[in-house]
Amino acid sequence: MRLSNYFIPTLKEDPAEAEVISHKLMIRAGMIRKLAAGIYDYLPLGLKTLKKVENIVREEMNNAGAIELLMPSVLPAELWKESKRWDFYGKELLRFNDRADREYCLGPTHEEIITDIVRKEIRSYKQLPINFYQIQTKFRDEIRPRFGVMRSREFIMKDAYSFDATDEAADKSYWAMYEAYNRIFERCGLEFRAVLADTGNIGGSFSHEFMVLAPTGEDIIMSSTDCDYAANLELAEIGVSDNEKEKERPQKDLKPINEVSTPGMKTVEEVAKFLNGSDGDLIKTLIIQTDTEPVAALVRGDAELSLTKLRKVLGAEYVELSTPDVIQEVTGGPMGFSGPVGLKKKIKVIADKSVRNIQNAITGANKADMHITGVNPGRDFEADLYADIRVARDGDPCPQSNGTLVSTRGIEVGHVFKLGTKYSEAMNATFSDIDGKEKPFIMGCYGIGIGRTVAAAIEQGNDEAGIKFPLAIAPFEVTLIPTNMKNENVKTISDDIYSALKAIGVDVLIDDRGESAGIKFKDAELTGIPIRITVGPRTLENGEVEIKTRMDNESRNVKIEEVVSEVEKLLL
RNA sequence: CGGGGUGUAGCGCAGCCUGGUAGCGCACUGGUCUGGGGGACCAGUGGUCAUCGGUUCAAAUCCGGUCACCCCGACCA
């Protein structure tokens, strides 16, 4: 490509609207422009990068046996009503009506649509397994889009859906995708990690997220120091700690319970300080609303309740913090003074396992401005269940080895789910099995955010000068810079090298603008093209040109005749 | 949806408090020089000051409504 015939509108200054580095750099490098909140134009350079990622994804999906198709992005309401997600998906689903007042939405994901295709077309177990995928624009009306294409409303996603006859076969499909994802992100040149994840409102039985490691990531990953255990913070399990192992806890000095006045003190810190205790001496009692009934969740004062873990423990669809009204009704006291002793209503009490061995704890008294000291689990109240319901922290024991958990930040670029029969049952999608019986398909779904992968690569690779793209997904492999377009020798040799590289299939951009060398260098660095060849009178005197690699910013001079073979070596 | 903020030339910003000539840097156009790190000089182009209304002799500036965008939070494949 000749830059004089191309379009890369770079910017010298950071755009005011951008906050994170990838967003700033994508705008500055002329890859994207914003059209509306969370909606972006991909300019040529951005599109080119996107296509590189898409091609890697497409190749690996095809290798893994998945079959590409394309579904519409405007979807009729009927299918969404069948799966009940028309009601459950909420405001993230952008809905509208056509001229005949029929209801539609813009597709945020396509489980319903693919299930409809499969139930109409696949009759027999003999046609299974089958895995369809597409690379397509999605729309999710995010509450708060941000960080450019990392969390946009309209975005390009690769989504795949597997259909199997048996649970074992479905597991096989799942792990095949898991492996394909590993290859995809490896080929993209990213540092990433697959971690256990929550299934969220897609539903299903288990899932992994593929996280690109970056300090600016929105997600927190807990991983073990001694084994390969890694999970999203919200559901990272906590191993049994030493003090939890002691079944025979010392029964000394159990104090009687005692009501004390704690005027106006609602937070753990305030109460602990007032009563000369530490945060860990408190048992925090949270009243949680579930699908069916309110429950009390107990965690140590220095810990944080994980709603995700609680939801799993309860087997509930939804859990959320109760409103003050419900708290008053259930506990008899106002918000901020709840405790497990003397609850007004008999409700289920779920305690974190770390609560069991707290002695002489402080809890709310279920009365305004009152707390109780000397509370002992087992003596003063009994939990219906002790379980792991708190959020893991750095240094917590690993659930699978003797290691400890450490936190890292990541950007979720892919997610694989084993769905089971959630959609096939809801939509009556069945096949005839070998025994002649109609059975629902066992499904899996697998997503990759294409644009987000590009942004994540930039978050991972950048410096003061701009982007450092991994070779595989860089918009161009090589940029060729003639430092002075008025110098005939420079021009001729540049053109020769350009033609030679093109002839062997190298994706090369020649900066044949009449700009000064400085501007060309700045743009080359900003756009992150991995290999830069500089042709200028200085090195030409010795019959040489300069080769510089963007990733390590190392440069050296090579003979003109050797440029092509040197580039070939770098591309290997 | 709650809290905060911003809208002035293509981009980044000043001017607003204290009402009276719309300004700076970059970019852009023409020219001369320069030619390995966003170069210099000369001459230019470009704005309904988001929008609607109010106050005033006079509004970018003061007041109110609306819209858009950004940040924090809750939320989130």
Side-chain angles (χ1 to χ4, degrees), chain A residues 9-20 23-24 27-28 30 33-39 85 89-93 107-111 138-148 150-153 155 157-161 197-204 207-211 218-219 232 234 307-308 318 320-321 411-417 419 444-450 452 464-466 481-491 511 513-526 532-541 544-546 548 553 555 557:
Chain A
T10 58
L11 301 175
K12 246 184 228 185
E13 287 169 292
D14 280 339
E17 70 196 35
E19 195 70 15
V20 298
H23 189 194
K24 286 179 185 170
I27 293 172
R28 283 191 54 205
R33 289 291 185 265
K34 187 180 70 189
L35 182 61
I39 301 178
R85 283 209 292 185
Y89 213 97
K91 286 195 171 173
E92 226 176 286
L93 190 62
T109 176
H110 283 67
E111 283 81 7
K138 301 279 188 264
F139 194 94
R140 295 183 189 176
D141 200 357
E142 293 273 353
I143 299 170
R144 183 148 97 87
R146 57 186 135 172
F147 306 146
M150 278 233 272
R151 178 172 236 61
S152 51
R153 293 193 295 170
F155 59 99
M157 179 174 174
K158 186 285 302 178
D159 45 326
Y161 306 89
D198 185 42
T199 50
N201 71 355
I202 291 276
S207 87
H208 286 87
E209 286 167 338
F210 285 77
M211 297 282 196
E218 278 191 278
D219 292 288
N232 192 305
E234 58 183 352
L307 286 174
T308 305
Y318 299 107
E320 57 183 17
L321 293 171
I411 300 161
E412 180 194 345
V413 290
H415 205 155
V416 294
F417 297 87
L419 285 175
C445 74
Y446 318 93
I448 291 179
I450 304 289
R452 192 186 277 189
E464 316 71 48
I481 297 181
T483 58
N484 184 346
M485 288 303 286
K486 285 187 182 159
N487 181 317
E488 283 306 319
N489 199 23
V490 166
K491 228 176 126 179
D511 193 345
R513 296 176 296 175
E515 297 288 352
S516 72
I519 288 178
K520 296 182 181 184
F521 290 145
K522 291 286 183 194
D523 277 351
E525 278 154 10
L526 180 58
R532 187 182 89 189
I533 301 170
T534 307
V535 180
R538 254 192 223 174
T539 54
L540 242 36
E541 276 181 20
E544 293 179 330
V545 297
E546 183 207 61
K548 186 169 184 181
N553 287 320
S555 72
N557 295 340

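As the structure is a prediction and not an experimental result, all values here were calculated from the model. Throughout, a chain's letter reflects where its sequence line sits, starting with A, and its residues are numbered from 1.
We find that CD1 of I27(A) is positioned 14 Å from P of C69(B), with the value rounded to whole Å. Between L307(A) atom CG and A74(B) atom P the separation is 12 Å, expressed in whole Å. When the C1' atom of G39(B) is taken as reference, atom CZ of R513(A) falls 15 Å away, rounded to whole Å. As rounded to whole Å, 8 Å separates atom P of C69(B) from atom CD1 of I39(A). Across the protein-nucleic acid pair, H23(A) atom NE2 and C69(B) atom C1' stand 11 Å apart, rounded to whole Å. Atom pair E320(A):CD and A74(B):C1' shows a separation of 11 Å (rounding to whole Å applied). Between the CD1 atom of I143(A) and the P atom of C69(B) there is a distance of 16 Å, given to the nearest Å. Look at CD1 on I519(A): it is 5 Å from P on G39(B), rounded to the nearest Å.
Of the residues in residues 481-488 of chain A, those lying under 4.0 Å from RNA chain B by heavy-atom distance are T483(A), N484(A), K486(A).
As judged by a 4.0 angstrom heavy-atom cut-off over every strand, E546(A) is placed among the base-contacting residues. R532(A) comes within contact range of at least one nucleobase, with a heavy-atom separation under 4.0 Å. When heavy atoms are screened at a 4.0 angstrom cut-off, E209(A) is found touching no nucleic acid atom at all. As judged by a 4.0 angstrom heavy-atom cut-off over every strand, K520(A) is placed among residues making no nucleic acid contact. At a threshold of 4.0 angstrom between heavy atoms, the contacts of G536(A) include nucleobase atoms, whether or not backbone atoms are also involved.
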Any N/O pairs under 3.5 Å between the protein and nucleotides 13-15 of chain B? List them or say none.
none

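A distance-only check finds a donor-acceptor pair linking the side chain of K520(A) to the backbone of R513(A) [under 3.5 Å]. Counting only distance, with no hydrogens or angles, the side chain of R452(A) and the backbone of M150(A) share a donor-acceptor pair below 3.5 Å.
Judged by distance alone, the side chains of N557(A) and T539(A) never bring a donor and an acceptor atom under 3.5 Å apart.
A60(B) and G54(B) have their P atoms separated by 15 Å, given to the nearest Å.
With hydrogens and angles ignored, no donor-acceptor pair closer than 3.5 Å exists between the side chain of E515(A) and the base of G38(B). Under 3.5 Å, the side chain of R28(A) and the base of G12(B) form no donor-acceptor pair of N or O atoms.
Between R144(A) and A74(B) there is no side-chain N or O to OP1 or OP2 distance below 4.0 Å.
Across every strand in view, C41(B) sits in a pair with G31(B) that passes the Watson-Crick or G-U test at under 3.5 angstrom. U18(B): no Watson-Crick or G-U partner with both key distances under 3.5 Å is found in any strand.
If you check G12(B), C71(B), C70(B) against the side chain of E13(A), the one that comes closest is G12(B).
Mapping G518(A) and E234(A) onto RNA chain B by nearest heavy atom places G518(A) closer to the 5' end of the strand. For the pair D523(A) and A37(A), nearest-nucleotide mapping onto RNA chain B gives the more 5' position to D523(A).
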